[in-house]
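Below is one structure, written out as structure tokens; the observations come after it.
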Amino acid sequence: MKNMKKIATVLASLCLALVMVATLVGCGSGKEFDSVQAYVDAQKDQIEDAKKELEGTGMSVEIKADGDTLVYRYIYDVALPVSDEVTAQFDANLELYKTQFDAVLDEMAELIDVKNPAVQMIYENPDGTVVYTHTFTK
């Protein structure tokens with residue numbers, strides 16, 4: 001249990017660091033992007049830098065658009081158990097970072113021509129098994 005709590009805390013911190021990538025685009029007025037994909041494309045360099053920051057941490061990340069959703073897909077190098085205990089640890093950390101996710105959603109609503117912006121986190125084992133997923137919406 002203690003080890004799972006440590007893993008969840010570290011991963012939540014990494015998640016937070018990468019979520020902040022989404023707030024690196026300028027502070028213009030009006031809708032600067034016609035889609036979440038255009039928003040992601042405009043941040044290609046920042047996303048690549050974020051991916052490099054994860055090197056050696058035991059996971060990699062893919063940041064992509066899926067319709068009106070900004071998706072952070074984290075892939076572990078070594079499999080984690082898929083269990084209620086792991087899910088509970090991730091769930092316990094969500095409230096700690098809600099403010100940051102809300103800020104990303106606010107920015108998406110301001111900068112992107114989307115009706116229902118969302119941010120999704122997906123944590124996967126190397127074989128593609130989903131360990132945890134959560135979607136933040138307005």
Side-chain angles (χ1 to χ4, degrees):
M1 174 80 166
K2 184 178 178 184
N3 194 27
M4 290 276 62
K5 192 171 192 172
K6 181 179 177 183
I7 289 170
T9 302
V10 169
L11 297 178
S13 296
L14 289 170
C15 176
L16 175 62
L18 290 176
V19 165
M20 298 315 289
V21 166
T23 63
L24 294 177
V25 175
C27 297
S29 60
K31 306 292 183 185
E32 294 181 28
F33 304 99
D34 63 356
S35 67
V36 175
Q37 185 62 56
Y39 180 71
V40 169
D41 291 345
Q43 298 183 74
K44 189 184 299 186
D45 292 340
Q46 292 95 333
I47 290 170
E48 288 305 314
D49 289 344
K51 287 180 178 182
K52 288 178 186 170
E53 286 182 30
L54 273 181
E55 290 176 3
T57 65
M59 66 188 325
S60 59
V61 67
E62 174 186 274
I63 302 171
K64 65 181 185 174
D66 182 8
D68 289 351
T69 302
L70 179 62
V71 178
Y72 292 85
R73 182 175 165 245
Y74 301 95
I75 304 100
Y76 295 109
D77 294 343
V78 177
L80 280 180
V82 178
S83 68
D84 292 340
E85 181 183 358
V86 171
T87 298
Q89 288 300 319
F90 276 99
D91 284 342
N93 284 296
L94 283 179
E95 193 61 34
L96 297 173
Y97 303 106
K98 185 177 183 330
T99 303
Q100 286 81 10
F101 283 103
D102 286 345
V104 172
L105 288 166
D106 289 344
E107 181 170 286
M108 289 174 69
E110 179 182 331
L111 298 176
I112 309 169
D113 187 16
V114 293
K115 291 182 180 167
N116 299 305
V119 177
Q120 182 180 35
M121 302 179 314
I122 304 169
Y123 291 89
E124 293 181 6
N125 281 324
D127 66 0
T129 304
V130 175
V131 176
Y132 183 79
T133 186
H134 184 81
T135 302
F136 292 88
T137 59
K138 284 298 266 171

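Considering only heavy atoms from C-beta on, Glu107 stays 4.5 Å or farther from Ile112 through its side chain. Taking 4.5 Å as the limit, every side-chain heavy atom of Val40 sits out of range of all side-chain heavy atoms of Lys64. Here the side chains of Gln100 and Phe136 are not in contact, with every heavy-atom distance at 4.5 Å or above. The shortest distance between side-chain heavy atoms of Met121 and Phe101 falls below 4.5 Å. In this structure, Asp91 and Tyr132 have side chains that are in contact, with non-hydrogen atoms separated by less than 4.5 Å. Using a 4.5 Å cut-off on side-chain heavy atoms (C-beta onward), Ile122 and Val71 make contact. Counting only heavy atoms from C-beta outward, the side chains of Val119 and Met108 approach each other to under 4.5 Å.
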- Worked verdict on Glu124 versus Thr133 for side chain to side chain contact (heavy atoms under 4.5 Å, CB included): CA-CA 9 Å; Glu124 293 181 6; Thr133 186; over 6 Å; no
- Message: Evaluate Lys51 against Glu48 for salt bridge (charged side-chain N to carboxylate O under 4.0 Å, His left out), listing each step before the verdict.
- Response: CA-CA 5 Å; Lys51 287 180 178 182; Glu48 288 305 314; 3.6 Å; yes
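Val82 and Val86 end up in the same hydrophobic cluster when Ile, Leu, Val, Met, Phe, Trp and Tyr side chains are linked at under 4.5 Å. Linking ILVMFWY side-chain heavy atoms closer than 4.5 Å, directly or via other members, places Ile63 and Ile75 in two distinct hydrophobic clusters.
Atom CE of Met59 sits about 8.5 Å away from atom CG of Leu80, to the nearest 0.5 Å.
Across all their heavy atoms, Leu105 and Pro117 have their closest contact at CD2-O, 3.5 Å. Taking all atoms of both residues into account, the shortest heavy-atom contact from Tyr76 to Pro126 is O-CG, 3.1 Å. Residue Pro81 comes nearest to Val131 through the heavy atom pair O-CG1, 4.0 Å, listed as atom of the first residue, atom of the second, then distance.
With sequence neighbours excluded, no residue satisfies side-chain hydrogen bond (donor to acceptor under 3.5 Å, both in side chains) with Asp77. By the side-chain hydrogen bond (donor to acceptor under 3.5 Å, both in side chains) test, Gln37 pairs with Asp41, sequence neighbours left out.
Ring geometry for Tyr74 against Tyr72 counts as parallel: the plane angle stays under 30°, on a 0 to 90° scale with 60° as the upper cut.
Asn125 places no side-chain N or O within donor-acceptor distance of the main-chain N or O of Asp127, the cut-off being under 3.5 Å.
With respect to Glu95 and Lys98, no salt bridge is recorded, no charged nitrogen being found less than 4.0 Å from a carboxylate O.
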